[in-house]
Chemist: 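Pasting a structure below so you can have a look.
Within every chain, numbering begins at 1; the chains are lettered A, B, ... in the order of the sequence lines, protein sequences first and strands thereafter. Note that these values count all heavy atoms, side chains included, but never hydrogens, waters or copies made by symmetry. On a predicted model such as this, the values are computed, not experimentally measured, just so you know.
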There are 2 protein chains.
Amino acid sequence: MNGMNEMSTKLKARADRMTSKRDAKKRQIAQSAIDALKHLGYANTTLRDIAAHSDLSLGMLHYYFEDRGTLIIYCVGIYKEAFVHDFRTALNDASGPEQVIEAFTQALVASIIDDDMTHRLWYDIRNQAFFDATFRPVVDEIETALIDIVSLALTKAGHAVPPNVAYHYALLDGAFRYAMQHQMGDTPKTRGELEDVFRRVLTQFL
Amino acid sequence: MNGMNEMSTKLKARADRMTSKRDAKKRQIAQSAIDALKHLGYANTTLRDIAAHSDLSLGMLHYYFEDRGTLIIYCVGIYKEAFVHDFRTALNDASGPEQVIEAFTQALVASIIDDDMTHRLWYDIRNQAFFDATFRPVVDEIETALIDIVSLALTKAGHAVPPNVAYHYALLDGAFRYAMQHQMGDTPKTRGELEDVFRRVLTQFL
DNA sequence: ATAAAAACTGGACGGCTGTACAATTTTTTA
DNA sequence: TAAAAAATTGTACAGCCGTCCAGTTTTTAT
């Protein structure tokens, strides 16, 4: 009655435990890799940089990831989860145009000030996708999620989602990227100035 | 009365002729390099790629340009001249909001359709400047010129140039970049659809 | 025409990169 | 506890890259 079945479930449990443990390790490695990538950028970060930055041996990276591209794509996926989650929770309690604009603005400004290096990496990877097609799926996935956030904001503000919502995202992204670029320069804006910028942009369609 | 003077002016004329000839060659090389960079991107274009693409020997590149970075920065400068010139002439005959919006829209759409590869390179270099400080001066110079174009459009439309004109540029750039990205994908928009997008954006502040 | 200067060539060199793998250590299983 | 599996290390390798340079050809000046 058992035997084979007991064995197979046991093996399955073992395999699951293995893969979950392996996934945890992959996540940990990816987090270290992101730290390195944030500082050096896609083009300038070698596997040795990542290994050194995370006290890992070089061979480890190839043991957990097929090749460099696979590792970086995995990293971008990890980045997405965190970023999208932050904005969804920020918008969660808002209702009506005023509250949504305020919550969205606060989330954008906080993200620019705290995570500028991370966004720099995102823009770097998004650009790489122009030239390296293997990055395109994950970049598209993230950009779809970002457009969904804009749709969510529109909905929470009480508006219908227009067909050109993607261009609302595009405009907002242009302002965000520009603000971030200058925030990393030698004349960063104050929190209040940044708030004004995004409130004005968001007011145009929220 | 002459002698020394005659000699020095002659030498000067010769030196000028030399440098102008040298500059012409540098431009020619840069144009070939841009062709290669447009297709492969900053990170994936080697000096050998450029040499092969332009029937030049490898040593030539180092003979005319100190190093790889100098060559690429020179290329970006060449790109700027052409792009900015195109838009200034496009806006030159326009007067009043309607004409300016129409001329600007037509220039943007034509540029997206014809020069998408070139813009891809521009966005690539602008991103590199995030991580490689040597690119920052030329990128800043170009972005200033682009903001000036927006200011010119505002002026031609009869408006005063607002202090936040840079953010008008940023919004427009966001839309432009997004449109370009999808234009290179598998579902490019028609010319009319693109015109609608930019007319709508430009109408917001022109 | 000849000597000097500039333009150009092709290859060599050292360094770095991603990848692969044999050897060792740690963990798990029976 | 002994054997098997997984995890981890360090190194070796093959290839590519930017840079440099000795030598050759072409252009310029007198």
Chemist: Check this for me: does any side-chain nitrogen of one of A:Glu81 and A:Arg27 sit under 4.0 Å from a carboxylate oxygen of the other?
Modeler: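 Looking at A:Arg27 together with A:Glu81, the answer is yes, because their closest N to O distance falls below 4.0 Å.
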Chemist: Quick check on D:dA6: is either OP1 or OP2 less than 4.0 Å from any side-chain nitrogen or oxygen of A:Arg22?
Modeler: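 The answer is no; no side-chain N or O of A:Arg22 sits under 4.0 Å from OP1 or OP2.
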Chemist: Any salt bridge between B:Lys189 and B:Glu195, counting N to O under 4.0 Å?
Modeler: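 The answer is no: the pair does not qualify as a salt bridge.
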Chemist: Under a 4.0 Å heavy-atom cut-off, which of residues 45-76 of chain B touch DNA chain D?
Modeler: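 Going residue by residue through residues 45-76 of chain B, the ones with a heavy atom under 4.0 Å of DNA chain D turn out to be B:Thr46, B:Leu47, B:Arg48, B:Leu58, B:His62, B:Asp67, B:Arg68.
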Chemist: Looking only at side-chain N and O atoms, does B:Lys25 come under 4.0 Å of OP1 or OP2 in C:dC8?
Modeler: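 The answer is yes; a side-chain N or O of B:Lys25 sits under 4.0 Å from OP1 or OP2.
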Chemist: Give, for atom CG of A:Leu121 and atom OH of A:Tyr42, the distance between the pair rounded to the nearest 0.5 Å.
Modeler: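 It is 11.5 Å, given to the nearest 0.5 Å.
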Chemist: Between A:Arg177 and B:Glu143, does any NZ, NE, NH1 or NH2 come within less than 4.0 Å of an OD or OE carboxylate oxygen?
Modeler: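 Salt bridge present between B:Glu143 and A:Arg177.
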Chemist: Verify whether the ring centers belonging to A:His119 and A:Phe176 lie closer than 6.0 Å.
Modeler: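 Between A:Phe176 and A:His119, which both carry aromatic rings, the centre distance is below 6.0 Å.
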Chemist: Check this for me: does any side-chain nitrogen of one of B:Glu193 and B:Arg199 sit under 4.0 Å from a carboxylate oxygen of the other?
Modeler: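 No.
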Chemist: Ignoring backbone atoms, test whether B:Lys21 places a side-chain nitrogen or oxygen under 4.0 Å from the OP1 or OP2 oxygen of D:dT27.
Modeler: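 For B:Lys21, the contact criterion (side-chain N or O under 4.0 Å from OP1 or OP2 of D:dT27) is not met.
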Chemist: Under 4.0 Å, heavy atom to any atom of DNA chain D: which of residues 30-43 of chain B qualify?
Modeler: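 Per residue number, the list is empty: none.
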Chemist: Between atom OG1 of A:Thr45 and atom CD1 of A:Ile34, what is the distance when rounded to the nearest 0.5 Å?
Modeler: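 Result: 11.5 Å between the selected atoms.
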Chemist: Using a strict 4.0 Å threshold on nitrogen-to-oxygen distance, state whether A:Lys156 and A:Asp93 make a salt bridge.
Modeler: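 Salt bridge between A:Lys156 and A:Asp93, a charged N being under 4.0 Å from a carboxylate O: no.
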